[in-house]
Amino acid sequence: MLKDPLFLLVAAACLAVAIILAMGISTFGKPGVENAKRANKFMRWRIIAQFVAVALILAFVTIRNQFGGQ
């Protein structure tokens with residue numbers, strides 16, 4: 001499975017979601033209006049990245065099921 005390019009893409013997308021989430025959470029703790037805006041921007045990016053990751057996961061599962069898990 002580690003040689004499957006779609007699996008590696010799914011793993012990279014999930015890692016990107018985790019990194020964006022961590023950056024957003026770290027920004028929430030800082031005072032100031034600019035940091036609040038930045039935190040909201042990170043959370044919007046997270047939702048978009050999470051949508052892409054879920055779509056890739058669904059594509060991966062669908063493709064694996066169609067071709068018998070080979």
Side-chain angles (χ1 to χ4, degrees):
M1 193 167 15
L2 291 176
K3 293 183 180 183
D4 188 355
L6 187 55
F7 175 77
L8 297 176
L9 190 60
V10 168
C14 291
L15 182 62
V17 171
I19 290 170
I20 294 169
L21 177 63
M23 291 170 65
I25 289 174
S26 69
T27 308
F28 275 127
K30 297 176 183 174
V33 176
E34 283 300 315
N35 285 326
K37 288 180 183 178
R38 189 174 297 126
N40 283 332
K41 188 178 289 188
F42 277 128
M43 291 302 114
R44 278 187 242 124
W45 290 350
R46 180 192 54 86
I47 289 174
I48 293 167
Q50 197 168 348
F51 173 78
V52 170
V54 168
L56 287 172
I57 290 169
L58 291 174
F60 176 74
V61 168
T62 302
I63 290 170
R64 293 285 283 192
N65 284 337
Q66 283 181 349
F67 294 111
Q70 301 269 344

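The two atoms that bring Phe42 and Gly24 nearest to each other are CB-CA, 3.6 Å, heavy atoms only. Summarising the geometry of Asp4 relative to Phe60, their closest heavy-atom pair is OD2-CE1, 3.2 Å, with the distance given to 0.1 Å.
Note that the CG atom of Leu58 and the CD1 atom of Ile63 stand 11.0 Å from one another [nearest 0.5 Å]. In this structure, CZ in Arg38 is found 9.5 Å from CE in Met23, a value given to the nearest 0.5 Å. To the nearest 0.5 angstrom, Trp45 atom CH2 is 13.5 Å from Ile19 atom CD1. Atom CD1 in Ile57 sits 10.5 Å away from atom CG in Leu9 (nearest 0.5 Å). Put simply, NZ on Lys41 and OG1 on Thr27 are 11.5 Å apart, with the number rounded to the nearest 0.5 Å.
In the hydrophobic cluster analysis, where Ile, Leu, Val, Met, Phe, Trp and Tyr join through side-chain heavy atoms closer than 4.5 angstrom, Val17 is grouped apart from Leu6. If you chain together hydrophobic residues whose side chains sit under 4.5 Å apart, Leu15 and Ile20 fall into the same group. Val54 and Val52 fall into different hydrophobic clusters, where Ile, Leu, Val, Met, Phe, Trp and Tyr side chains are chained together by heavy-atom contacts under 4.5 Å.
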Item to check | side-chain contact (heavy atoms from CB on, under 4.5 Å) evaluation trace for Cys14 with Leu56 | outcome: CA-CA 10 Å; Cys14 291; Leu56 287 172; over 6 Å; no

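Taking a 6.0 Å sphere around CZ of Phe28, one finds it holds more than 12 heavy atoms contributed by other residues, nucleotides or ligands.
At least one side-chain heavy atom of Leu21 sits under 4.5 Å from a side-chain heavy atom of Met43.
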